[in-house]
Amino acid sequence: MSDVSVVCSGLSFSWPDDTPVFHDLSFALGAGRTGLVAPNGSGKSTLLKLIAGELRPSAGSVSVNGTLGYLPQSLPLTGDLTVAEVLGIAPVIRALDAVESGDVDEKHFTTIGDDWDIEERTRAQLDRLGLAGLDLDRSLSTLSGGQIISLGLAAQLLKRPDVLLLDEPTNNLDRDARHKLYDVLSDFNGLLLVVAHDRALLDRMDGIAELGGSRLRFHGGNFSAYEEAVRAEQEVAEKNVRNAEQDLKREKRELQQARERAERRASNAARNLKSAGLPRIFAGNMKRGAQESAGRAGQMHASRVGEAKARLDEAGRALRDEQRLSLDLPDTQVPAGRDLFLGEGLQVRHAGRDVFAAGGIDLSVRGPERIALTGPNGAGKTTLMRLITGDLVPDGGRIKRGDGRIAYLSQRLDLLDTRLTVAENFAAFAPERPEAERMNILARFLFRGARAHLPVGALSGGERLRATLACVLCAEPAPQLLLLDEPTNNLDLVSVGQLEGALHSYRGAFLVVSHDDRFLAEIGVNRWLRLADGRLETTSAPGA
């Protein structure tokens with residue numbers, strides 16, 4: 001597969017309303033694993049669709065050398081499809097069944113081609129992705145979101161692709177399914193291009209491609225190496241900006257001093273000429289000569305000031321506009337040992353069956369604990385969070401809640417009124433705060449000026465997260481227990497960093513459902529729980 005490649009030449013693309021996405025983008029990729037990173041809205045998914053042929057460029061060309069496999073972020077599948085139909089093997093399976101039953105019609109052999117072992121290969125691929133025992137006749141409507149993603153990847157791998165494009169493949173996958181996917185992709189030896197915010201996946205890449213400003217910058221090594229390189233670049237850029245600022249101040253100071261010297265010389269020369277009694281024409285010539293000399297000196301210093309400004313502008317362009325949240329939230333502080341939630345023998349019945357094991361589950365949250373709740377998809381983690389908030393009444397067991405407010409951020413980020421602006425939503429959560437104070441708080445969450453008056457429905461996923469955090473963390477009264485359900489899904493890496501910063505500033509207790517080990521490590525989790533097979537158990541940190 002040494003000749004496998006993706007080549008984009010002079011690629012341009014705009015949406016139907018003429019909003020540009022790329023202009024004259026050119027790059028080439030060969031065999032190897034590459035992670036594609038950029039803030040949300042930069043065009044990562046659009047670029048994959050252009051390479052896959054799902055979109056047509058307005059200018060330029062895309063060339064793919066090799067068999068292509070493409071897994072989009074949202075799979076266009078309907079629930080009445082079977083597993084075999086999603087995998088694209090249903091016609092071959094039917095042809096094999098016909099031949100085995102004695103039907104030797106040539107059309108069956110044409111359908112089968114070289115895929116006589118398709119069922120064995122399919123079973124092996126499903127097993128590698130954690131889908132062992134999945135019935136090929138099973139309806140898609142009975143599968144979880146994570147199972148559907150894994151099934152979609154299996155469908156692409158069964159094509160034996162030389163070029164594989166994946167868009168956020170670990171979204172909705174639980175921890176076990178993620179690690180199975182990591183192992184499968186580690187064995188892929190063609191050209192792999194992955195859009196992801198999953199840092200553990202990106203750390204398994206051979207290189208990182210950063211998309212921005214119709215340009216693709218390539219960095220050798222995995223995501224950790226990329227982060228270190230960017231950090232070093234930014235340190236140099238910040239030093240260059242500081243030096244350029246000092247140069248500009250010095251040049252401005254020297255320009256002012258030159259002007260003052262010229263004015264003093266002109267004043268002294270005028271007095272000397274007058275006292276010397278020289279002829280008027282001679283005095284005029286001397287005055288003009290002094291003015292021209294002063295003008296040349298002034299132009300020289302002004303030119304140096306202009307050059308210093310240009311150097312400062314150039315140094316500033318190398319700085320990344322990746323603003324981090326820097327907060328102080330003392331109102332959320334919870335004393336150690338305070339009981340915030342106590343549940344004993346909790347049980348919920350759904351569709352006629354118990355969600356949890358016999359005897360239910362027990363959970364206590366005390367003081368400023370930082371709890372990670374892990375477990376496979378469908379184990380009941382979201383159900384447990386709804387019990388904690390009171391959105392769901394248990395069918396068995398006993399609950400006692402503390403006096404402090406409990407706030408819940410669901411995966412859908414649907415807490416805010418999308419018709420209202422960010423400022424209007426915040427006013428509804430903190431009506432007693434003066435308007436000036438509310439606007440200052442929103443500015444700390446990076447909603448400054450006109451950004452605070454945008455309707456929530458017009459915000460990106462990362463912006464909506466920040467707006468929701470502002471309303472939840474700075475509401476009245478401040479929450480003492482914060483529940484977060486898969487908060488990093490669909491967030492870009494900058495937004496994930498901003499969320500980590502907000503949670504570091506939060507002084508209360510939180511319980512977070514996440515399959516992102518790196519995120520959980522960054523936010524200082526000090527208690528790990530796992531919900532599986534209906535039982536809630538204390539575990540150690542992954543990798544501990």
Side-chain angles (χ1 to χ4, degrees), residues 1-8 25-40 42-45 47-48 51 64-66 69 71 153 161-171 173 175 178-240 317-322 324 488 491-498 500 515-522 542-543:
M1 282 190 204
S2 59
D3 58 346
V4 65
S5 65
V6 170
V7 179
C8 293
L25 174 65
S26 297
F27 65 89
L29 284 173
R33 294 180 291 271
T34 302
L36 180 60
V37 300
N40 286 346
S42 298
K44 302 185 298 296
S45 296
L47 181 57
L48 291 195
I51 296 172
V64 177
N65 184 25
L71 183 69
L153 178 58
D162 305 311
V163 176
L164 184 58
L165 312 177
L166 304 179
D167 195 352
E168 298 288 4
T170 57
N171 273 2
L173 296 189
R175 187 173 184 275
R178 285 185 180 216
H179 283 269
K180 288 183 181 298
L181 179 140
Y182 298 157
D183 292 340
V184 167
L185 295 185
S186 293
D187 294 337
F188 185 78
N189 57 9
L191 189 162
L192 175 65
L193 182 60
V194 181
V195 170
H197 68 265
D198 180 346
R199 290 168 289 192
L201 173 58
L202 292 173
D203 262 344
R204 287 165 169 78
M205 298 295 106
D206 304 316
I208 300 296
E210 182 183 26
L211 178 63
S214 291
R215 182 184 173 208
L216 214 57
R217 291 183 63 199
F218 290 93
H219 299 260
N222 63 12
F223 186 73
S224 293
Y226 160 78
E227 282 187 309
E228 186 59 37
V230 169
R231 192 176 300 116
E233 285 178 0
Q234 288 308 287
E235 288 176 358
V236 172
E238 289 167 2
K239 180 180 179 181
N240 289 341
R317 282 192 291 272
L319 286 174
R320 292 169 176 262
D321 185 20
E322 294 181 357
R324 299 275 172 171
T488 61
L491 291 184
D492 59 40
L493 293 163
V494 173
S495 298
V496 171
Q498 291 172 342
E500 290 169 355
H515 303 295
D516 187 337
D517 292 345
R518 172 81 175 267
F519 170 71
L520 294 174
E522 291 289 338

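Fair warning: this is a prediction, and the values are worked out from it, not measured in the lab. Atom set for the values below is all heavy atoms of this structure, side chains included, hydrogens, waters and symmetry mates excluded.
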[X] to [Y] - nearest heavy-atom pair and separation:
{"X": "Phe218", "Y": "Ala28", "value": "CZ-O, 4.3 Å"}
{"X": "Gly220", "Y": "Ala225", "value": "O-CB, 4.3 Å"}
{"X": "Asp517", "Y": "His179", "value": "OD2-NE2, 3.8 Å"}
{"X": "Gly69", "Y": "Pro161", "value": "N-CB, 3.7 Å"}
{"X": "Gly30", "Y": "Leu191", "value": "O-CG, 3.2 Å"}
{"X": "Val37", "Y": "Ala196", "value": "CG1-O, 4.4 Å"}

_Leu29, Leu216, Ile208, Val194 screened by side-chain contact (heavy atoms from CB on, under 4.5 Å) with Leu36, the one that passes_ =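 That would be Leu216; it is the only one of Leu29, Leu216, Ile208, Val194 passing the side-chain contact (heavy atoms from CB on, under 4.5 Å) with Leu36.
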
*Asp162 side-chain N/O to Asn65 backbone N/O, donor-acceptor pair under 3.5 Å*: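 Checking the backbone N and O of Asn65 against the side chain of Asp162, no donor-acceptor pair under 3.5 Å is found.
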
*Distance-only, no hydrogens or angles: does the Asp206 side chain make a donor-acceptor pair with backbone N or O of Arg33 under 3.5 Å?*
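At least one qualifying donor-acceptor pair exists.
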
[atom1] of [X] to [atom2] of [Y]: how many Å apart, nearest 0.5 Å?
{"X": "Phe519", "Y": "His515", "atom1": "CZ", "atom2": "NE2", "value": "13.0 Å"}
{"X": "Met205", "Y": "Tyr226", "atom1": "CE", "atom2": "OH", "value": "15.0 Å"}
{"X": "Lys44", "Y": "Asp167", "atom1": "NZ", "atom2": "CG", "value": "8.0 Å"}
{"X": "Glu500", "Y": "Thr488", "atom1": "CD", "atom2": "OG1", "value": "9.0 Å"}

Could you tell me if the side chain of [Y] sits less than 4.5 Å from the side chain of [X], heavy atoms only?
{"X": "Leu25", "Y": "Leu47", "answer": "yes"}
{"X": "Asn171", "Y": "His197", "answer": "yes"}
{"X": "Leu166", "Y": "Phe188", "answer": "no"}
{"X": "Leu201", "Y": "Pro169", "answer": "yes"}
{"X": "Leu202", "Y": "Leu493", "answer": "yes"}
{"X": "Asp198", "Y": "Arg178", "answer": "yes"}
{"X": "Glu168", "Y": "Val195", "answer": "yes"}
{"X": "Leu193", "Y": "Ile51", "answer": "yes"}

*Please test Val496 against Arg518 for side chain to side chain contact (heavy atoms under 4.5 Å, CB included), starting from the C-alpha separation and ending with a verdict.*
CA-CA 11 Å; Val496 171; Arg518 172 81 175 267; over 6 Å; no

*Give the C-alpha distance, both sets of side-chain angles, the deciding distance and a yes or no for salt bridge (Lys or Arg N to Asp or Glu O under 4.0 Å) between Glu233 and Arg217.*
CA-CA 13 Å; Glu233 285 178 0; Arg217 291 183 63 199; 2.9 Å; yes

_Residues Glu235, Lys239: salt bridge by 4.0 Å N-O rule_ =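 Looking at Glu235 and Lys239, the cut-off is not met.
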
